[in-house]
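The sequence lines fix the lettering, A, B, ..., with proteins before strands; numbering per chain opens at 1.
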Number of protein chains: 2
Amino acid sequence: MRADARKNRDHLLEVARDVVNEQGADASLRDIARRAGVGLGTLYRHFPRREALLEALLRTRFDALTTRARELETSTSPDKALITWLHEIVAVTHNFRGAIALMVAAIAEPDSALHASCVTMKAAGTQLLLRAQAEGLTRADLNGTDLFALISALAWLHDQPSFATRADHLTNVVASAVLTRSTQDFLREASGGPAAGR
Amino acid sequence: MRADARKNRDHLLEVARDVVNEQGADASLRDIARRAGVGLGTLYRHFPRREALLEALLRTRFDALTTRARELETSTSPDKALITWLHEIVAVTHNFRGAIALMVAAIAEPDSALHASCVTMKAAGTQLLLRAQAEGLTRADLNGTDLFALISALAWLHDQPSFATRADHLTNVVASAVLTRSTQDFLREASGGPAAGR
DNA sequence: ACCTGAACACCGTTCAAGT
DNA sequence: ACCTGAACACCGTTCAAGT
């Protein structure tokens, strides 16, 4: 790639990150090109579809979560590893409104540029669930899809301004539903006792 | 209202209901006017903003849910009333993709045409929660906003094609988190024993 | 090679002109 | 009173013309 093209591409990514943080995944591409000081055609040359731009922004985060899941699998107890990872993946959407809807779509759509990254991440998360289930620490009636559905729903809550302040609390509530009764003690420790939170 | 105007209005609502069921709350208004056989200006004369059209479609459903909550409050045990209502409100979104996002926005926005209807419904639901909490049947660290956040998240799951088949199961999982341990027996009865569901 | 912006087909919304 | 569709300002996406 020519030096000027690389510079344009990198700058577009920087600007896109800011704009998406401000306006969400459906931000205007014209606006991104304008703020980056390049023509709209230049944006399309580097990122032929909106998805290609978002993919470039999200892939590194998703791959990092995959790595993180594998770390937790060997470093931490099965129940704590699962719940910790659940909180971390939900937190990733903090500055990326709409990221989770993209992940859900990418898993279902094999042609998506994000497909491989998301499927790998889902597999890594499912491993954490299976490991905890093998020791009877989590509900037996949940599969990997259920885990990702709950994660997605909680991340969606984070995206809603009127619910954002309660989202962390509700993540704990849902986590308590995933764990079997006997394993819920460390959750109470983690949140500093049963908070009233009214 | 003149007879021809009333006829146009009613027909627009019928067509809008079908189109929104097919395409969701962000369906093209041009498309609705076209399929109703009226000019685009006619649609805007009867429903000056998109929200006014959706409001006409949703208000009756939300008001029915308010009535239903008040019925359950006097007819059914506190825990069963709450969980039954939770399932019913989640089910309302089955043929209205995006209905819950509208409800969330309407509660936060006092100028919304749906505001009164949604706030009343939220109050009715909160009453069911408080009644169950008063008898110690549900977690004490949940408020009415938390209840509606969980409802909204579950309804959002119903809207996602890849999660829709698991949404009812996950509603039961979340319901089990809302109930205190001693009151979870009727949930197991309701779902016919602990289902493996893999 | 790469960049640019006009052009195309859409959208929500408004409004002057008709009946 | 009510209806109509052109007009306006946006959007995503494409592509002929430039450097």
Side-chain angles (χ1 to χ4, degrees), chain A residues 1-20 22-58 96-99 101-102 105-106 109 111-114, chain B residues 1-20 22-58 96-99 101-102 105-106 109 111-114:
Chain A
M1 192 182 300
R2 230 162 60 180
D4 56 342
R6 153 112 347 239
K7 192 177 170 188
N8 275 339
R9 203 192 119 97
D10 292 348
H11 190 219
L12 273 167
L13 275 176
E14 279 179 46
V15 171
R17 180 162 41 76
D18 293 346
V19 173
V20 168
E22 287 168 25
Q23 306 180 19
D26 55 351
S28 159
L29 299 182
R30 258 185 185 75
D31 202 34
I32 292 172
R34 253 193 304 263
R35 281 169 62 163
V38 301
L40 187 50
T42 303
L43 186 151
Y44 271 87
R45 161 165 265 262
H46 289 292
F47 307 102
R49 289 158 302 164
R50 170 187 294 277
E51 191 194 30
L53 177 60
L54 298 171
E55 185 269 346
L57 293 175
L58 278 175
F96 204 133
R97 284 205 311 275
L102 279 166
E109 177 51 65
D111 293 337
S112 160
L114 273 174
Chain B
M1 193 181 301
R2 230 164 60 181
D4 56 341
R6 152 105 1 230
K7 192 178 169 187
N8 275 340
R9 204 193 118 97
D10 292 348
H11 190 219
L12 273 168
L13 275 176
E14 279 180 45
V15 171
R17 181 163 37 79
D18 292 346
V19 173
V20 167
E22 287 167 26
Q23 303 179 21
D26 56 351
S28 159
L29 299 182
R30 259 184 184 76
D31 202 34
I32 292 172
R34 254 195 302 262
R35 280 168 63 161
V38 302
L40 186 51
T42 303
L43 186 151
Y44 271 87
R45 162 165 264 261
H46 290 292
F47 308 101
R49 290 157 302 164
R50 169 187 295 276
E51 190 194 31
L53 177 59
L54 298 170
E55 186 270 343
L57 294 175
L58 277 175
F96 204 134
R97 284 206 310 275
L102 280 166
E109 176 50 65
D111 293 337
S112 161
L114 275 174

K.L.:
In Å, rounded to the nearest 0.5 Å, how long is the span from CG of L13(A) to CG of L53(A)?
P.N.:
6.5 Å

K.L.:
If you only use heavy atoms from C-beta on, which nucleotide in dC3(D), dC11(C), dT13(C) is closest to the side chain of L29(B)?
P.N.:
dT13(C)

K.L.:
Rounded to whole angstrom units, what separation is found between the CG atom of D31(A) and the C1' atom of dC10(D)?
P.N.:
12 Å

K.L.:
List the atom of A33(B), the atom of L43(B), and the distance in Å for their closest heavy-atom pair.
P.N.:
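So the minimum-distance heavy-atom pair works out to N-CD1, 4.0 Å.
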
K.L.:
Over all strands shown, is A27(A) touching base, sugar-phosphate only, or nothing at heavy-atom distances under 4.0 angstrom?
P.N.:
sugar-phosphate

K.L.:
Mind checking who dA17(D) pairs with, Watson-Crick or G-U wobble, both distances under 3.5 Å?
P.N.:
none

K.L.:
Does a nitrogen or oxygen in the side chain of R2(B) sit under 4.0 Å from OP1 or OP2 of dA1(D)?
P.N.:
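No.
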
K.L.:
With a 3.5 angstrom cut-off on both distances, give the Watson-Crick or G-U wobble partner of dC8(C), or none if there isn't one.
P.N.:
dG12(D)

K.L.:
Can you tell me if R97(B) uses its side chain to pair, donor with acceptor, with the backbone of V20(B) under 3.5 Å?
P.N.:
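No; judged by distance alone, with no hydrogens or angles, the pair does not exist.
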
K.L.:
Return the polar atom pairs (N/O with N/O) between nucleotides 5-8 of chain D and the protein under 3.5 Å, or none.
P.N.:
{"from": "dG5(D)", "atom 1": "O6", "to": "G41(B)", "atom 2": "N", "distance (Å)": "3.3"}
{"from": "dA7(D)", "atom 1": "N6", "to": "R30(B)", "atom 2": "NH2", "distance (Å)": "3.3"}

K.L.:
Taking CZ from F47(A) and P from dG12(D), how many angstroms apart are they, rounded to a whole number?
P.N.:
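Between P of dG12(D) and CZ of F47(A): 15 Å.
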
K.L.:
Please determine whether side chain to side chain contact (heavy atoms under 4.5 Å, CB included) holds for the pair R9(A) and L12(A), giving the CA-CA distance in whole Å, both sets of side-chain angles, and the decisive distance to 0.1 Å.
P.N.:
CA-CA 5 Å; R9(A) 203 192 119 97; L12(A) 273 167; 5.7 Å; no

K.L.:
Which heavy atom of A56(B) sits nearest a heavy atom of F47(B), and at what distance?
P.N.:
CB-CE2, 4.1 Å

K.L.:
dC3(D), OP1 or OP2 - any side-chain N/O from H46(B) closer than 4.0 Å?
P.N.:
yes

K.L.:
I need the CD1-C1' distance between I32(B) and dC11(C), as an integer number of Å.
P.N.:
13 Å

K.L.:
Does D4(B) form a side chain to side chain contact (heavy atoms under 4.5 Å, CB included) with K7(B)? I'd like the steps, not just the answer.
P.N.:
CA-CA 5 Å; D4(B) 56 341; K7(B) 192 178 169 187; 5.6 Å; no

K.L.:
Whole-Å distance between dT13(C) P and D26(B) CG?
P.N.:
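Going from D26(B) (CG) to dT13(C) (P), I get 13 Å.
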
K.L.:
Which nucleotide in the list dC11(C), dC2(C), dG12(D) gets nearest to the side chain of Y44(A)?
P.N.:
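Among dC11(C), dC2(C), dG12(D), the one nearest the side chain of Y44(A) is dG12(D).
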
K.L.:
Has N8(B) got a side-chain N or O lying under 4.0 Å from the OP1 or OP2 atom of dC3(D)?
P.N.:
yes

K.L.:
Which one is paired to dC3(C), where only Watson-Crick or G-U wobble pairs with both distances under 3.5 angstrom count?
P.N.:
none

K.L.:
Whole-Å distance between dC3(C) C1' and M1(A) CE?
P.N.:
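Rounding to the nearest Å, CE of M1(A) and C1' of dC3(C) are 14 Å apart.
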
K.L.:
Please report, rounded to the nearest Å, how far the C1' atom of dT19(D) is from the CZ atom of R45(A).
P.N.:
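It is 13 Å, rounded to the nearest whole Å.
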
K.L.:
What nucleotide, of dC2(C), dG12(C), dG12(D), holds the atom closest to the side chain of S28(B)?
P.N.:
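Of the candidates, dG12(C) comes closest.
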
K.L.:
If you take all heavy atoms of L58(A) and A99(A), which pair is closest and at what distance?
P.N.:
CD2-CB, 4.0 Å

K.L.:
Between P on dC2(D) and NZ on K7(B), what's the gap in Å once rounded to a whole number?
P.N.:
16 Å

K.L.:
Check whether any side-chain N or O of R49(A) sits under 4.0 Å from OP1 or OP2 of dG12(D), and answer yes or no.
P.N.:
no

K.L.:
Tell me if a side-chain donor or acceptor on R50(A) pairs with a main-chain N or O of A25(A) at a distance below 3.5 Å.
P.N.:
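Between the backbone of A25(A) and the side chain of R50(A) there is a qualifying donor-acceptor contact (under 3.5 Å).
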
K.L.:
Using whole Å, report how far CZ of R9(A) lies from P of dA1(C).
P.N.:
18 Å

